[in-house]
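To start, the structure under review is shown below, and the notes come after it.
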Amino acid sequence: MKLPTLFKQHRNKSYSYTPRYYDERKERIERLIKSKEVKHDEDYFEGYRKKSYREDWKAVRNAKADKNSRLRFYVILAFLIMFAAAAVKYINFDKLF
């Protein structure tokens, strides 16, 4: 016999779920067929798709940015090498240690 209470206790919800038949092999074959069809379609239409001006502009801008960043890297590297060479030549390391 239960005693009355002010707080209600929640019970776990139960569902009547019955799983359906699942054929893993069939699903895998269907996925392979779809992936091959999508890849084939992309290859076919890749040559015929017109690029927009925005895409062309972005490609040129990215190419210029890559070129500028490489040039900046080489200039900084050259200065560091010159500084290291000057430091080795003019600093007397025997007095430091």
Exercise. Report the distance from atom CG of Leu71 to atom CD1 of Ile76, rounding to the nearest 0.5 Å.
Key: 10.0 Å

Quiz item: Hey, what do you get for CG (Leu77) to CZ (Arg70), rounding to the nearest 0.5 Å?
Solution: 15.0 Å

Exercise. For Asn62, enumerate each residue passing the side-chain contact (heavy atoms from CB on, under 4.5 Å) test, keeping only those at least two apart in sequence or located in another chain.
Key: none

Exercise. Step through the shown structure and confirm whether more than 12 heavy atoms of other residues, nucleotides or ligands are within 6.0 Å of CD on Glu27.
Key: yes

Quiz item: For Arg28 and Arg25, what are the C-alpha separation, side-chain angles and deciding distance, and is it a side chain to side chain contact (heavy atoms under 4.5 Å, CB included)?
Solution: CA-CA 5 Å; Arg28 187 175 57 234; Arg25 181 173 178 258; 3.9 Å; yes

Quiz item: Tyr74, Ile81: one ILVMFWY side-chain cluster at the under-4.5 Å cut-off?
Solution: yes

Practice problem: Enter the distance from Leu32:CG to Glu30:CD here, rounded to the nearest 0.5 Å. | Solution: 10.5 Å

